[in-house]
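Since the structure is predicted, the reported quantities are computational estimates derived from the model, not experimental observations.
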Amino acid sequence: MGLFESENLRIIGLTGQSGAGKSTVSGIFSEEGFPTINADEISHMVSKNQDFLGEVRKLFPDCVTENGLERQKLAGIVFCDSEKLGAYTDLIFPYISREIFRRIEAYKSEGKSLILLDAPTLFESGLDDICSSVVSVIAPMELKIQRVLERDGIPVEMVRSRLGSQKSDDMFISKSQFTIVNNSDIESLREKTLSVIEELRRLYTDECN
């Protein structure tokens, strides 16, 4: 049961592996009228917070310069070392969570009843606990590698390291109410996403009104 269900508010968690197509799915939800909270966008905002940068500097001194957070250098460190990745996520998650809750309250005050929370680390942060349903997007490994290479323009070794640090298909499937397998073209992905949206509306619209 989601944290906000007693307030006639349903949070739909959206998560998935890097390169699986989660951002495309999120865009379809937005087109269909879902107010969306994007945790990646919030993460970028947090990365400019001076208190946060001070804490990062203590853990990863080479990753903070006068220009701010050196994201690629940090990624090269944390995605190769699970302990360092855990230390970084323990540091940033509270900042992200506070802003997510602030935005949820803002949407609630506007009378919104179905909100999409787009968060790649939904499970790791524990934010799945506030969700009434979770939708995960997964894809075959080679397709994910190809998409991340085209999107980020980083070396293939770094892509494999990043993807290797992520959770398995089985984990996403077992912890989600809905799983979208993005193994074809954009039209197929749209059809699968619209089917999930239809089911979510069937489940929750009457409850929230």
Side-chain angles (χ1 to χ4, degrees), residues 2-4 7 9-20 22-23 25-27 29-30 34-110 112 114-137 148 151-152 154 158 161-163 165-167 171-172 175-176:
L3 180 65
F4 296 94
E7 304 172 53
L9 182 65
R10 302 292 184 272
I11 310 298
I12 308 303
L14 173 65
T15 192
Q17 305 151 328
S18 184
K22 178 181 63 62
S23 295
V25 170
S26 180
F29 269 85
S30 293
F34 278 71
T36 300
I37 299 170
N38 187 308
D40 265 347
E41 173 196 312
I42 293 172
S43 174
H44 279 78
M45 183 185 77
V46 166
S47 70
K48 300 175 184 177
N49 180 292
Q50 292 304 311
D51 291 338
F52 169 73
L53 288 173
E55 293 190 55
V56 175
R57 189 179 285 111
K58 294 175 185 176
L59 287 177
F60 308 102
D62 294 336
C63 296
V64 179
T65 69
E66 60 183 14
N67 296 319
L69 186 65
E70 296 288 330
R71 300 179 68 89
Q72 191 159 326
K73 183 180 288 187
L74 179 67
I77 294 171
V78 300
F79 288 122
C80 295
D81 187 317
S82 60
E83 286 190 11
K84 290 178 180 177
L85 178 60
Y88 180 71
T89 55
D90 285 347
L91 192 159
I92 195 171
F93 282 162
Y95 286 90
I96 295 173
S97 294
R98 281 194 291 271
E99 178 62 17
I100 285 172
F101 276 87
R102 188 194 69 77
R103 295 189 186 193
I104 288 172
E105 290 297 329
Y107 278 133
K108 186 172 72 172
S109 70
E110 296 173 8
K112 306 297 184 184
L114 275 175
I115 298 170
L116 185 75
L117 173 55
D118 176 352
T121 53
L122 185 76
F123 299 122
E124 294 89 337
S125 64
L127 286 168
D128 56 310
D129 287 344
I130 71 171
C131 298
S132 298
S133 285
V134 173
V135 181
S136 284
V137 187
V148 175
R151 183 189 69 197
D152 296 348
I154 58 178
M158 186 177 290
S161 177
R162 181 184 299 182
L163 295 178
S165 72
Q166 297 185 343
K167 306 299 184 184
M171 189 283 294
F172 282 103
K175 298 190 73 171
S176 305

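At least one donor-acceptor pair closer than 3.5 Å links the side chain of Thr36 to the backbone N or O of Phe34. No donor-acceptor distance shorter than 3.5 angstrom exists from the side chain of Ser161 to the backbone of Met158, with no hydrogens or angles considered. Judged by distance alone, with hydrogens and angles left aside, the side-chain atoms of Ser136 form no donor-acceptor pair with the main-chain N or O of Gly16 at under 3.5 Å. The main-chain N or O of Phe93 is never found under 3.5 Å from a side-chain atom of Ser125 such that the two would form a donor-acceptor pair.
Between Ile115 and Lys112 the shortest heavy-atom distance is CG1-CB, 4.4 Å. Minimum interatomic distance between Tyr95 and Glu55 (heavy atoms only, all atoms of both residues): OH-OE2, 2.5 Å. The minimum heavy-atom distance linking Glu70 with Thr65 is given by the pair OE2-OG1, 3.2 Å. Scanning both residues, Ala87 and Leu59, for their nearest heavy atoms gives O-CD1, 4.1 Å. Residues Val64 and Arg57 share a closest heavy-atom pair of CG1-NH2, 3.1 Å. For the residue pair Ile92 and Ser43, the shortest heavy atom distance occurs at CD1-OG, 3.7 Å.
Checking Arg10 against Ser133 by side-chain atom types alone, no donor-acceptor pair falls below 3.5 Å.
Between Ile104 and Ile130 there is a side-chain heavy-atom pair separated by less than 4.5 Å. Residues Thr15 and Lys175 fail the side-chain proximity criterion, which asks for heavy atoms closer than 4.5 Å. Val46 is not listed as a side-chain neighbour of Glu99, based on a closest heavy-atom distance of 4.5 Å or more. At a threshold of 4.5 Å between non-hydrogen side-chain atoms, the residues Leu116 and Ser30 do not count as touching. Counting heavy atoms from C-beta outward, Asp118 and Asp40 have side chains that stay 4.5 Å or more apart. Between Val134 and Phe172 there is no side-chain heavy-atom pair separated by less than 4.5 Å.
The structure places CG of Asp129 at 13.0 Å from CD1 of Ile11, a figure rounded to the nearest 0.5 Å. Separation of atoms CG (Asp81) and CG (Leu85) is listed at 8.5 Å; rounding is to 0.5 Å. For the atom pair CZ (Arg162) and OG (Ser18), the distance works out to 5.5 Å, reported to the nearest 0.5 Å. Leu122 contributes atom CG, which lies 5.0 Å from atom SG of Cys131 (distance to the nearest 0.5 angstrom). Separating the CD atom in Glu41 from the CE atom in Met45 is a distance of 8.0 Å, to the nearest 0.5 Å. With values rounded to the nearest 0.5 angstrom, Leu14 atom CG is found 12.5 Å from Ile37 atom CD1.
With a 6.0 Å radius and a threshold of 12 heavy atoms from other residues, nucleotides or ligands, Glu83 has its CD atom at or below the threshold.
A salt bridge links Glu105 with Lys108: the closest approach of a Lys/Arg side-chain nitrogen to an acidic carboxylate oxygen falls below 4.0 angstrom.
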